[in-house]
Amino acid sequence: MAKGILHTHYLVVVLFLIIYVIKTVLLLSNNNDLLLKFSKKVKVPEIIISFLFLATGIYLMVQLPVIHYLMWVKLVLVFASIPIAVIGFKKGNKILAALSLMMITASFGIAEIAKKKKMQADNSLIASNDGKALYENNCKSCHGIDGKAGLSGAKDLSVTMLHAEGIIEVILHGQNMMQPVPVTNEQAAAISAYVDTNLKGQ
Ligand code: HEC
């Protein structure tokens, strides 16, 4: 379900940006008649797309275990760009229209950076066979200290049917909504052994 929402979010963001870019280009190139025609044509789809854009975005945001400060920057940029765009297009103000497009595009880039930074735990001070410390550093935020927390859709590790090999696979390659965790093979094996012997069946 969450995966479908993520895909829907990407799709509507791309559609939203396409409409937005076309409108801005028409405004900047003084094609006012065409802009008016285009705006009329996309009016209803645009309302639906904007609604889905915000609804899926908010849904995904409340799923996050921790909200990186960059996510807030992104949110502020998106919400601030809306009134600027409305005024810009209504008054035919090219600077405001271009500015709002820049803000939306920047928030898109920020989202990508935030995603890469998210959950990049620093494991450099932990011995690569210390499964417990590695687990707490990399997994606790979603799965909880005992594996049962189930935050942001995480599965309960105390009842997983997976064996050590399968757990390593999930850590290194992810599974559905769980992104791969950036650890070495050795660290993944230590974490997996810890989960298998200490959390499973508790
Ligand atoms: C950002 C949150 C998050 C982090 C951090 C995280 N997980 Fe997960 N994990 C999830 C989610 C969400 C799922 C459910 C995926 C699905 O729907 O199949 C999951 C599923 C799993 C599963 C599959 C369980 C099953 O029975 O199918 C295992 C095993 C697992 N995680 C282990 C780990 C380990 C070990 C770590 C740390 C190295 C970790 N996870 C870090 C969110 C997270």
Side-chain angles (χ1 to χ4, degrees), residues 1-14 51-79 106-202:
M1 154 102 164
K3 185 117 179 157
I5 299 213
L6 189 67
H7 288 155
T8 312
H9 186 66
Y10 282 143
L11 181 69
V12 290
V13 167
V14 169
F51 172 75
L52 285 174
F53 177 0
L54 293 179
T56 52
I58 290 167
Y59 176 87
L60 289 169
M61 195 138 163
V62 298
Q63 298 288 307
L64 292 174
V66 272
I67 298 180
H68 198 277
Y69 79 93
L70 282 173
M71 288 305 267
W72 292 114
V73 177
K74 172 185 167 186
L75 207 67
V76 169
L77 275 174
V78 169
F79 277 102
S107 73
F108 200 59
I110 285 172
E112 291 305 305
I113 298 171
K115 216 185 312 159
K116 289 223 171 71
K117 282 202 167 170
K118 195 176 71 182
M119 297 298 156
Q120 284 254 353
D122 180 5
N123 294 320
S124 58
L125 293 174
I126 302 174
S128 38
N129 60 1
D130 188 349
K132 183 173 194 288
L134 287 167
Y135 175 85
E136 285 174 8
N137 209 27
N138 297 280
C139 323
K140 196 180 72 179
S141 57
C142 295
H143 290 285
I145 191 130
D146 54 3
K148 295 180 186 168
L151 291 169
S152 62
K155 289 204 171 152
D156 183 345
L157 298 182
S158 68
V159 298
T160 181
M161 304 297 277
L162 293 171
H163 296 289
E165 280 304 313
I167 298 174
I168 295 178
E169 186 68 22
V170 175
I171 297 172
L172 294 176
H173 304 291
Q175 176 178 294
N176 300 321
M177 276 298 279
M178 181 179 146
Q179 300 282 321
V181 181
V183 290
T184 63
N185 292 352
E186 203 184 353
Q187 289 168 331
I191 298 171
S192 162
Y194 173 74
V195 171
D196 202 33
T197 51
N198 294 284
L199 305 183
K200 244 172 84 172
Q202 296 292 305

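Every number for a ligand or one of its atoms is a count from 1 in the order of the listing. Note that this is a predicted model, so its numbers are computed, not measured.
- Every atom of ligand 1 with a heavy atom of Ala154 under 4.0 Å away is listed here by number and element: 10 (C), 11 (C), 12 (C), 13 (C), 42 (C).
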>> Is there a side chain to side chain contact (heavy atoms under 4.5 Å, CB included) between Asn129 and Glu186? Walk through the geometry before answering.
In response: CA-CA 7 Å; Asn129 60 1; Glu186 203 184 353; 5.5 Å; no

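- In this structure, NE2 on His9 lies 9.0 Å from CG on Leu54, to the nearest 0.5 angstrom.
- Other residues, nucleotides and ligands place more than 12 heavy atoms under 6.0 Å from the NE2 atom of His173.
- To the nearest 10 degrees, atom 8 (Fe) of ligand 1 sees SD of Met178 and NE2 of His143 at an angle of 180°.
- Residues that satisfy the salt bridge (Lys or Arg N to Asp or Glu O under 4.0 Å) test with Asp196, not counting sequence neighbours, are Lys200.
- Near Asn176, with a cut-off below 4.0 Å to any heavy atom, the atoms of ligand 1 are 16 (C), 17 (O), 18 (O).
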> Could you walk me through whether Val170 and Met178 pass the side chain to side chain contact (heavy atoms under 4.5 Å, CB included) check?
Replying inline: CA-CA 8 Å; Val170 175; Met178 181 179 146; 3.8 Å; yes

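- Under 4.0 Å from ligand 1, not a single heavy atom of Val183 appears.
- Summarising the geometry, atom OG1 belonging to Thr184 is positioned 8.5 Å from atom CG belonging to Leu172; distances are rounded to the nearest 0.5 Å.
- Here Ile171 has side-chain heavy atoms under 4.0 Å from ligand 1, and that is the only part of it that gets that close.
- Judged purely by atom type and a 3.5 angstrom limit, Ser192 uses its side chain to pair as donor or acceptor with the backbone of Ala164.
- Residue-level proximity to ligand 1 for Gln179 is absent, since no heavy atom of it falls below 4.0 angstrom.
- In terms of N/O distances under 3.5 Å, ligand 1 is approached by Thr160.
- Not one N, O or S atom of Cys139 sits under 2.8 Å from atom 8 (Fe) of ligand 1.
- Residue Cys142 approaches ligand 1 through these ligand atoms, each under 4.0 Å from one of its heavy atoms: 1 (C), 2 (C), 3 (C), 4 (C), 5 (C), 42 (C), 43 (C).
- Residue-level proximity to ligand 1 for Leu157 is carried by the side chain, the only part with a heavy atom below 4.0 angstrom.
- For ligand 1, the polar-atom distance check against Gln175 finds a nitrogen or oxygen pair separated by under 3.5 Å.
- Close approach of ligand 1 to Ile191 is summarised as follows: ligand atoms under 4.0 Å from at least one heavy atom of the residue are 35 (C), 38 (C).
- Remark: Ala133 engages Ile126, Asp130 in a side chain to side chain contact (heavy atoms under 4.5 Å, CB included) (not counting sequence neighbours).
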